[in-house]
Amino acid sequence: VPYPFPKDYTAQPLMEALTSHDTMVMFLALGTLLLAARVLGELAMRFNQPAVVGEILAGVILGPTVMGAIAPDFTGLLFPAAGSLPLVLDGFSILAITLFLLVAGIEVDLSVAWRQGRSALIVGILGIACPFALGFAAAWAAPQTLGAEAAAPPLIFALFFATALSISALPVIARTLMDLNLYRSDLGMLVVAAAIFNDLVGWIIFAFVLGMIPENTSQAHPVLLTISLTIAFTAFMLTAGRWLIHRSLPWVQAHTTWPSGVLGLSLGMALLGGALTEWIGVHAIFGALLVGVAIGDSAHLREHTRTIISHFISCFFAPLFFASIGLRVNFVQQFDLFLVLTVLAIACLGKIVGCTLGARYVGISRREAWAVGFGMNARGAMEIIIGLLALQYGLIGERMFVALVVMALVTSLISGPAMQRLLGLAKHPRLSDFVLAKAFLHPLQARKRFEVIDELAAALCATASLDPAPVQAAARQREELMPTGMGNQLAVPHARVEGLTLPLVAVGLSATGVDFDAPDGEPARIIFLILTPLRDNGTQIAILAEIARIFATPQAREKVLQVKNYTEFLAILKTERK
């Protein structure tokens with residue numbers, strides 16, 4: 001067997017390397033992109049929107065749409081169009097999208113789909129069939145109107161467009177259901193199971209579409225071989241591959257450091273799966289997705305490990321990828337209102353009607369069936385990824401790509417509010433939304449129960465411009481009826497106040513403790529004063545329940561007692577809540 005490498009290494013030319021300037025610009029570009037994406041992603045979540053909205057907006061601002069028009073030299077320096085850096089950034093983008101699909105796969109719970117059985121299958125089938133048929137018919141009848149490139153084969157473009165409208169965004173759907181406190185409900189499980197079926201079938205179809213693209217298969221395999229290998233790999237990963245991973249995880253956890261062992265195994269297998277599907281002739285993301293499904297389906301994968309993998313990728317790779325989308329096109333120049341509205345209308349009509357019909361067929365009431373349809377309508381990151389691949393392979397132009405991005409964002413934004421309105425739900429309140437910075441008292445000056453109530457009420461009223469006298473009287477009266485000491489060093493005096501429109505919460509920390517007549521006899525050191533409107537629709541109960549949940553462990557209570565300021569306290573509220 002001939003030796004595969006030259007024996008005389010010194011005679012070979014050195015591989016081209018990044019210069020010091022290239023390295024500096026690379027880190028500057030990635031750092032700027034990541035920070036902007038994180039800041040705007042967090043800002044989007046403050047307004048109850050998906051983080052991906054802010055992350056893409058970061059790229060739009062830094063890219064040709066905004067900074068490219070205002071300061072083109074700065075944009076050209078940070079994100080050059082020629083040289084080694086575009087290749088490096090493109091490679092990093094491919095890695096980011098591949099690992100993001102690993103996380104999406106891990107979130108797929110096949111057991112949930114199996115438990116829902118016939119109902120999820122029917123909703124899932126109609127949720128794919130209706131948008132697929134509608135999208136295929138529209139793209140076949142008017143490909144140029146819908147943004148197809150002149151050289152794009154009509155059949156492949158129609159299949160792409162139909163598939164793009166069929167796939168839901170499981171991460172967005174799951175997050176929406178959690179925000180509405182529906183994730184563990186029967187309706188929520190049906191939506192999740194149908195979305196799992198949607199994603200698996202949709203991505204398999206899309207893998208076939210990628211295999212049919214001439215530019216993608218010219219250096220790989222014939223189309224039929226590519227499709228056959230894709231089917232074989234899919235079948236293996238969902239059966240024998242899934243079983244092998246399930247059997248090997250206990251050994252990995254027993255003989256490697258946690259969580260490094262499982263994290264290394266997951267990332268390594270995702271990259272190997274991506275390499276295999278890339279060799280087959282479909283994109284690496286499909287291999288990573290199937291690896292994620294196989295890993296996530298194992299009962300041996302601890303929930304904490306699953307969270308670590310998700311956070312590792314979602315906090316670094318995902319923001320960089322979605323921010324880089326805004327660098328690719330000028331969203332103002334390529335925005336076509338007619339095309340955006342057309343794509344949005346076709347997408348919503350097919351998915352909502354199809355899923356609603358499926359839900360009605362399996363016996364779900366009319367309002368809940370429409371809620372299922374709107375819940376499944378969220379597209380999010382999945383549509384953006386599909387659109388980006390189609391743009392790279394020359395199936396669509398930049399106008400169509402912008403329309404798909406807008407459609408994905410709009411459907412994600414309307415999903416939660418539509419379900420909330422249809423089901424008559426109030427958004428689940430969060431304690432951190434109502435705690436006021438100026439009403440965080442550390443340490444409390446008062447030493448007796450009613451004096452503490454007066455001190456906290458005075459701080460709240462000063463912040464909210466309220467008259468303290470009636471507030472203090474209402475809180476004292478409620479305390480006299482029944483003591484509010486919860487035990488475990490917690491007390492929650494509360495009152496309903498006339499004229500208040502939103503809940504207000506003050507927090508006091510006591511070094512010595514205050515007697516609130518708790519069942520365990522222990523003095524309270526963490527004291528919340530909760531003021532709610534006269535008609536609060538259960539907000540007071542929800543806040544009390546969240547306080548009990550967050551501070552259920554001694555570790556959580558001890559963390560709070562060690563804080564030095566409001567910011568540290570708020571950070572604990574958010575981390576312990578998760």
Test side chain to side chain contact (heavy atoms under 4.5 Å, CB included) on Phe434 and Leu504 and set out the steps.
CA-CA 5 Å; Phe434 307 122; Leu504 298 175; over 6 Å; no
Pairwise side-chain contact, [X] with [Y], heavy-atom cut-off 4.5 Å (strictly under):
{"X": "Phe401", "Y": "Leu388", "result": "yes"}
{"X": "Leu561", "Y": "Gln489", "result": "yes"}
{"X": "Ile94", "Y": "Thr98", "result": "yes"}
{"X": "Phe516", "Y": "Val452", "result": "yes"}
{"X": "Val505", "Y": "Leu436", "result": "no"}
{"X": "Leu301", "Y": "Ile295", "result": "yes"}
{"X": "Val103", "Y": "Ser310", "result": "yes"}
{"X": "Pro64", "Y": "Val329", "result": "no"}

Between Ala408 and Arg379 the two heavy atoms that sit nearest each other are CA-CB, 4.0 Å
Drop me the distance from [X]'s [atom1] to [Y]'s [atom2], to the nearest 0.5 angstrom.
{"X": "Glu455", "Y": "Ile527", "atom1": "CD", "atom2": "CD1", "answer": "9.0 Å"}
{"X": "Leu43", "Y": "Glu55", "atom1": "CG", "atom2": "CD", "answer": "12.0 Å"}
{"X": "Leu102", "Y": "Phe312", "atom1": "CG", "atom2": "CZ", "answer": "10.5 Å"}
{"X": "Ile56", "Y": "Leu327", "atom1": "CD1", "atom2": "CG", "answer": "11.5 Å"}
{"X": "Leu460", "Y": "Leu441", "atom1": "CG", "atom2": "CG", "answer": "8.5 Å"}

How about Phe321 and Phe100: are their ring centres within less than 6.0 Å of each other?
no
Does any pair with a residue in residues 441-495 pass ring-ring contact (aromatic ring centres under 6.0 Å, His included), and if so which ones, sequence neighbours excluded?
none
Output, in order, the C-alpha distance, side-chain angles, deciding distance and verdict of side chain to side chain contact (heavy atoms under 4.5 Å, CB included) for Ile414 and Asn377.
CA-CA 9 Å; Ile414 65 176; Asn377 191 43; 4.1 Å; yes
Among Val25, Leu62, Thr32, whose side-chain contact (heavy atoms from CB on, under 4.5 Å) with Phe79 holds?
Leu62
When you look at Leu28 and Leu78, which way does the side chain to side chain contact (heavy atoms under 4.5 Å, CB included) test go after all the steps?
CA-CA 7 Å; Leu28 186 62; Leu78 208 57; 3.5 Å; yes
Got more than 12 heavy atoms from elsewhere within 6.0 Å of CD, Glu480?
yes
The residue among Arg478, Glu479, Arg449 that forms side chain to side chain donor-acceptor pair (under 3.5 Å) with Thr484 is Glu479
Partners meeting salt bridge (charged side-chain N to carboxylate O under 4.0 Å, His left out) with Arg476 (sequence neighbours left out):
Asp454
Mutual orientation of the aromatic rings belonging to Phe569 and Phe528 [parallel < 30°, tilted 30-60°, perpendicular > 60°]
tilted
Trace of the side chain to side chain contact (heavy atoms under 4.5 Å, CB included) decision for Ile352 with Met376
CA-CA 7 Å; Ile352 294 173; Met376 294 283 290; over 6 Å; no
